[in-house]
Number of protein chains: 2
Amino acid sequence: MAERRRRKRLNDRLSMLRSIVPKISKMDRTSILGDTIDYMKELLERIGKLQEEEMEEGTNQINLLGISKELKPNEVMVRNSPKFDVERRDLDTRISICCATKPGLLLSTVNTLEALGLEIHQCVISSFNDFSMQASCSEAEEQRNCMNLEEIKQALFRNAGYGGKCL
Amino acid sequence: MAERRRRKRLNDRLSMLRSIVPKISKMDRTSILGDTIDYMKELLERIGKLQEEEMEEGTNQINLLGISKELKPNEVMVRNSPKFDVERRDLDTRISICCATKPGLLLSTVNTLEALGLEIHQCVISSFNDFSMQASCSEAEEQRNCMNLEEIKQALFRNAGYGGKCL
DNA sequence: TGCGACACGTGAGCC
DNA sequence: TGGCTCACGTGTCGC
């Protein structure tokens, strides 16, 4: 009587579950519940990964804007010291500059790079507080062989108004 | 006997389900299944939203790099025509350029901006295919009043090697 | 013949 | 008290 209706409700829910869960190994009652559990765990895992990616995307955007604060606590004191990094990859040469800003610094830096035979392909600049520039350049093969990284570094360093040797 | 073990298995799965699903209205068997269904739907919805956001983030990054393809089909023919936009906001002046690239274009563009009294604060550049530049500049108050957007636009236009009037 | 899964009816416990 | 949920034992069907 009433028990009959109760059983029907329960079976209805069970078939709803079976219709939602994609992976159904057997039509078995226990298997349905087991597959449901597995599927839910899988969904939770996917959500975790997606949220993680979302976080990374956020920090990536910040880095793209060149506002990367380099938050490692033990580097706080070094943060404001000028940084001139030049790195050669397979296809391009990466320039990374962070130093005190001054009028015309961007112009003279671009000028220096062009003079050095470095053609800027992609570049992100920020000069709100410090002057920051991340550039990806192409460099003629001959050039790569005759000029070393330290020379480029020195040229950028001098251009930014720092007299002596680079760090 | 055997039926007893079978029932136990089913009940175990049921309590596993109850331990995973956070929203438990009643300890009721039917309610547990119902809540499980609701929770799974909620998870699916969240996954859908996260993936949607992921897509948007992707296109945002592309836009940040200035490679925005402006994919509206009816604008395909316009895509390669040069674009020089200048826009004044409250605090800054936004420059958006997309045109054919040529050697030294970045240098001369930066030069032109400086000559116009525009100080670049943030800037993203790409010159893989077309030359693309999105810049956020500051401009002296006096300057804002005496030079209009069209003049800046024309200067950039001429600098990029286009002779006549801008679009 | 046994084994596993299911539905059924029933009694117990709980508001 | 009636209404409910659950566990139990049992009968049935299919492999």
Side-chain angles (χ1 to χ4, degrees), chain A residues 1-64 68-69 71-73, chain B residues 1-65 67-69 71-73:
Chain A
M1 326 309 171
E3 175 73 4
R4 214 183 172 96
R5 279 185 289 112
R6 179 184 156 270
R7 268 201 281 267
K8 190 180 186 315
R9 279 207 309 271
L10 209 147
N11 277 334
D12 286 348
R13 302 269 159 122
L14 216 47
S15 25
M16 287 185 62
L17 223 51
R18 190 192 52 197
S19 70
I20 294 188
V21 179
K23 297 282 182 182
I24 353 171
S25 45
K26 295 172 187 173
M27 293 296 251
D28 199 352
R29 272 167 116 127
T30 36
S31 305
I32 291 181
L33 290 192
D35 293 339
T36 302
I37 295 177
D38 293 344
Y39 185 53
M40 281 189 45
K41 287 185 181 174
E42 187 186 324
L43 287 188
L44 285 175
E45 199 172 331
R46 273 167 63 183
I47 285 190
K49 281 194 179 180
L50 281 177
Q51 280 182 339
E52 206 171 291
E53 282 180 26
E54 181 121 329
M55 297 284 288
E56 285 181 15
E57 299 256 355
T59 59
N60 275 349
Q61 293 229 353
I62 291 179
N63 287 339
L64 258 178
S68 65
K69 298 284 185 186
L71 283 180
K72 297 175 197 161
Chain B
M1 324 308 174
E3 176 73 2
R4 217 182 170 94
R5 281 187 287 111
R6 180 183 157 272
R7 267 199 281 267
K8 188 180 185 318
R9 281 208 309 270
L10 209 148
N11 275 336
D12 286 348
R13 304 267 158 124
L14 216 48
S15 26
M16 288 185 60
L17 221 52
R18 189 192 51 194
S19 70
I20 294 188
V21 179
K23 297 283 183 181
I24 352 168
S25 47
K26 295 173 189 172
M27 293 296 252
D28 200 349
R29 272 168 116 126
T30 34
S31 305
I32 292 181
L33 290 191
D35 293 339
T36 302
I37 295 177
D38 293 343
Y39 186 52
M40 283 190 43
K41 287 186 181 174
E42 187 185 323
L43 287 188
L44 285 174
E45 198 171 330
R46 271 167 62 184
I47 286 191
K49 281 194 178 182
L50 282 177
Q51 280 182 340
E52 206 170 288
E53 283 180 26
E54 181 121 330
M55 296 286 287
E56 286 181 16
E57 299 258 353
T59 58
N60 274 350
Q61 293 228 353
I62 292 178
N63 286 339
L64 257 179
L65 289 174
I67 319 174
S68 64
K69 298 285 184 187
L71 282 178
K72 297 174 197 163

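The basis for the numbers below is simple: all heavy atoms, side chains too, and nothing from hydrogens, waters or symmetry mates. Chain letters run A, B, ... following the sequence lines, proteins first and then strands; every chain starts at 1. All figures in this text were calculated on a predicted structure; none of them were measured in a lab.
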Is there any protein nitrogen or oxygen under 3.5 Å from a nitrogen or oxygen in nucleotides 3-6 of chain D, and what are the pairs?
| from | atom 1 | to | atom 2 | distance (Å) |
| --- | --- | --- | --- | --- |
| D/dT5 | OP2 | A/Arg9 | NH2 | 2.4 |
| D/dC6 | OP1 | B/Arg29 | N | 2.7 |
| D/dC6 | OP2 | A/Arg6 | NE | 3.3 |
| D/dC6 | OP2 | A/Arg6 | NH2 | 2.9 |
| D/dC6 | N4 | A/Glu3 | OE1 | 3.1 |

Would you say B/Arg4 reaches D/dA7's phosphate, i.e. side-chain N/O to OP1/OP2 under 4.0 Å?
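So the side chain of B/Arg4 is outside the cut-off, no N or O lying under 4.0 Å from OP1 or OP2 of D/dA7.
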
Report yes if some heavy atom in the side chain of [X] is under 4.5 Å from a heavy atom in the side chain of [Y]; otherwise report no.
X	Y	answer
B/Met40	A/Thr36	yes
A/Leu33	B/Leu33	yes
B/Tyr39	B/Lys23	no
B/Leu50	B/Glu45	no

List the atom of B/Lys26, the atom of B/Ile32, and the distance in Å for their closest heavy-atom pair.
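In terms of heavy atoms, the two residues are closest at O-CG1, 4.1 Å.
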
Starting at atom CZ of B/Arg7, determine the distance to atom C1' of C/dC8, rounded to an integer number of angstrom.
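The distance from CZ of B/Arg7 to C1' of C/dC8 comes to 12 Å, rounded to the nearest Å.
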
